[in-house]
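The figures here come from the full heavy-atom set of this structure, side chains too, leaving out hydrogens, waters and symmetry mates.
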There are 2 protein chains.
Amino acid sequence: MERTRVIDTDELLSIRAAELYYEENKTQDEIGTLLRLTRWKVGRLLAQAKASGFIRIEIVHPRARRLSVERRLREATGLTDAIVVSSAGVATDEELQSRTAQAAADYLTGLRPVPRTLGISWGRTLHEVALHLKQGWAHGVNVVQINGGVSLNRRAGTAAATAVNIAHKGAGAATLLPSPAILERLETKQAIESDRAVAAVLNLATAASAYLFSAGQADENSALVDSGYLTAPQVAELVRKGAVGDIVGRYIDSNGNIVDPELDGRTVGIQLEQLRQAKMAIAVIAGGSKHAIARAIVGSGLCTVLVTDEDTALAILGDEA
Amino acid sequence: MERTRVIDTDELLSIRAAELYYEENKTQDEIGTLLRLTRWKVGRLLAQAKASGFIRIEIVHPRARRLSVERRLREATGLTDAIVVSSAGVATDEELQSRTAQAAADYLTGLRPVPRTLGISWGRTLHEVALHLKQGWAHGVNVVQINGGVSLNRRAGTAAATAVNIAHKGAGAATLLPSPAILERLETKQAIESDRAVAAVLNLATAASAYLFSAGQADENSALVDSGYLTAPQVAELVRKGAVGDIVGRYIDSNGNIVDPELDGRTVGIQLEQLRQAKMAIAVIAGGSKHAIARAIVGSGLCTVLVTDEDTALAILGDEA
DNA sequence: CGCTCGATTGCTCAGATGAGCAAGATTCCG
DNA sequence: CGGAATCTTGCTCATCTGAGCAATCGAGCG
């Protein structure tokens, strides 16, 4: 049963007018004749219908963006830029991921000035961004990994492939970070970081002119669990301590703070501070399970540009429908 | 993963243009400047986007109708008139029923010439139509029941109440059909029909200037089962014989033919032929479970006017999304 | 190479539309 | 009941937009 509400005569008229205008594309004048109104009244009814939100216009296309949401995001959060892809007519989280990755690729391609050195993380999302980039998207970009790579499981090499792919398509070279993501002992981590080869890459990463990264949710499906760096119970413990997800391998809470300093100490890669101080840090985050981490990242200034889907954007803005 | 398809440069541009036009309401001229196109090109891109169906405009309001679907229905079926309410943003079948009943009430109210005698059936739907009619919707309509009434269960009187309500609000009188819907023995049915009081009502019903009725689906939730005239197994047997639902108490198959002549012989009310020959026969049918019966009714010419919801209308037209 | 045919582009012009304004209607008080 | 304040209405005018047309471009082909 619909909520009982007094419906103003004008409201009904405005709906009739809207039907004739938008469905039958009649002119306001014709509608005026039909409804026995002046054409100005019809124009006003139509304006009223729009203002009351009765007219919903959706752009249904995989490449469609939501400019109004982007603007609101920029204004509400102080992001330099926000790219929000439409969720209209999307069934699966996978499709959302794909659309968002496409949009990130488009954004990178259109970026001016083109970054000389691009620091990237790795993961399913970035891998897909790499796939969507077109050959020749840039003319000589150096790509450098900013956190330790996947290497413990059968998917060894995807992190490297992502970096190489992005660099190759942009007519540049990739510099890989030859290190695990998380080490078991602090001493090992310190040793590896002081190794000349690793230290050089980290220096390069610190000096990157732009960063591109995604984020992982804090649950048993995390890429870090999948890669064998953490176990499901360890992640559960992190969640208990307030973790909402990870960014460049580091788990943060909803305020953007490191959840477990000891674990963080054993994690190889640039520091979150470096992202916070970067001129350009592009986060690419999509899917319903990443609302919390997206919010934490944007809220704590970990990125300057966010590429995401409409639902995540609305979650950040706090407009639950 | 979205279907891989070559996306024409113009297609992408048309999406960008549409975003700026519909979301940011910029003029085509402004968009031209932004996208480095002439304003004519922008106009053409926008037209292309519309034509390709990328722009979806919905009117979101409980009273919204789908004029384009109505037109298609009229053209495809030869109905005199079709009223289709929008399903946009509707969660429940109940809401759909309510909207459709509202629309039927609106249709009746706007009907010219106002019928002198209106023959009606009874049921949940018609009851709701009666509720939605406004006091004074007509100035003197005589209402007559066209089929035997509910009387076996605790809801005794709702059929009568519906008729009285419609008549009362239309400043007229109701004539009730003092008979059960279905009798157990043929002889009893013949006897009751030849009774002067009943015969007089049936004559009046036959001469009605317009009919208003709903339909029931053929399953254990049917009003006839609920009222105790039939049992669930009996209905199951009817379904086995091809029944898709009932109209004025008579079960029909998908071609609009009586399914069980013996049962039909024991059913009191006007004949289906009388509906088929009527100048105006308004069917009010809503909800997912009534697609089949709606199709049968429209397909076999049992109504001249159909009031229904968008999904049912599309089912009749055979456009499954 | 030059020609033809179809597609695309830029344009003119008329029709459609929104902003702003003044006259008229309505409400709200005292 | 009167008069002020507000809202609504009809209108002018400037702008926006779509239809239709001629010029241009480009592919295909002899």
Side-chain angles (χ1 to χ4, degrees), chain A residues 5-61 63-68 70-72 86 110 134 136, chain B residues 5-61 63-68 70-72 86 110 134 136:
Chain A
R5 174 166 70 87
V6 183
I7 293 183
D8 186 351
T9 319
D10 270 14
E11 185 171 317
L12 248 180
L13 265 182
S14 75
I15 296 301
R16 298 289 152 249
E19 288 162 357
L20 293 163
Y21 193 72
Y22 291 106
E23 281 212 54
E24 301 287 85
N25 31 286
K26 301 207 177 295
T27 70
Q28 299 187 0
D29 219 356
E30 291 174 299
I31 298 172
T33 310
L34 271 147
L35 265 44
R36 296 159 195 283
L37 300 167
T38 62
R39 71 188 178 81
W40 296 286
K41 179 71 179 172
V42 175
R44 282 174 183 126
L45 287 172
L46 252 19
Q48 186 192 316
K50 265 194 221 171
S52 317
F54 299 144
I55 313 294
R56 189 160 68 202
I57 301 184
E58 259 181 0
I59 303 173
V60 191
H61 190 282
R63 304 286 279 268
R65 283 164 49 188
R66 297 301 320 278
L67 302 185
S68 59
E70 294 180 358
R71 183 153 29 77
R72 285 205 290 147
S86 164
K134 283 233 187 330
Chain B
R5 174 167 69 86
V6 183
I7 294 184
D8 187 353
T9 321
D10 270 16
E11 184 171 317
L12 249 179
L13 265 183
S14 75
I15 296 302
R16 298 288 151 251
E19 288 162 358
L20 293 163
Y21 192 72
Y22 291 105
E23 281 212 54
E24 300 288 85
N25 30 272
K26 302 209 177 291
T27 71
Q28 299 187 0
D29 218 355
E30 290 174 299
I31 297 173
T33 310
L34 251 81
L35 264 43
R36 297 159 195 282
L37 300 168
T38 62
R39 73 191 174 79
W40 296 284
K41 179 72 180 170
V42 174
R44 282 173 182 129
L45 287 171
L46 251 21
Q48 187 191 315
K50 265 195 221 170
S52 316
F54 299 145
I55 313 293
R56 188 159 70 205
I57 302 184
E58 259 180 0
I59 303 174
V60 192
H61 191 282
R63 305 287 278 268
R65 282 165 49 188
R66 296 300 320 277
L67 301 185
S68 59
E70 294 180 359
R71 183 153 29 77
R72 285 204 291 146
S86 164
K134 284 233 187 330

_Residue Thr27(B), side-chain atoms from C-beta onward, closest of dG10(D), dG18(D), dC16(D)_ = dC16(D)
_Closest listed nucleotide, where the reference is the side chain of Lys41(B) and the choices are dT9(C), dT9(D), dC13(C)_ = dT9(C)
*Whole Å only: how far is the CG atom of Leu37(A) from the P atom of dT9(D)?*
9 Å
*asked:* Rounding to an integer number of Å, can you tell me how far Leu45(A) CG sits from dG18(C) C1'?
replied: 15 Å
*asked:* Tell me the interatomic distance from Leu35(B), atom CG, to dT9(C), atom P, rounded to whole angstroms.
replied: 14 Å
*Any chance you could measure Asp10(B), atom CG, to Arg44(B), atom CZ, to the nearest 0.5 Å?*
11.5 Å
*Return the value, rounded to whole Å, for the distance between atom CH2 of Trp40(B) and atom P of dT9(C).*
13 Å
*Between dT12(D), dG18(D), dT17(C), which one does the side chain of Gln28(B) approach most closely?*
dG18(D)
*Rounded interatomic separation in angstrom, taking CD from Glu30(B) and P from dT15(D)*: 13 Å
*Closest heavy-atom pair and its distance - Tyr21(A), Gln28(A)*: CE1-CG, 3.7 Å
_For atom CG of Asp10(B) and atom C1' of dA7(C), their distance in whole Å_ = 12 Å
*Go through the N and O atoms of the side chain of Arg44(A) and the base of dG10(D), and report whether any donor-acceptor pair is under 3.5 Å.*
yes
_For a quick test of reading the model, state the closest non-hydrogen atom pair linking Phe54(A) to Ile15(A) and the distance between them._
CD1-CD1, 3.8 Å
*What integer distance in Å separates Lys50(B):NZ from dG18(D):P?*
6 Å
*salt bridge (charged side-chain N to carboxylate O under 4.0 Å, His left out) with Glu23(A): which of Arg66(B), Arg56(B), Arg65(B)?*
Arg66(B)
*Considering just the side-chain nitrogens and oxygens of Tyr21(A), establish if one lies under 4.0 Å of OP1 or OP2 belonging to dA16(C).*
no
*Would you mind reading off the distance between Gln48(B) atom CD and dT17(D) atom P, rounded to a whole angstrom?*
18 Å
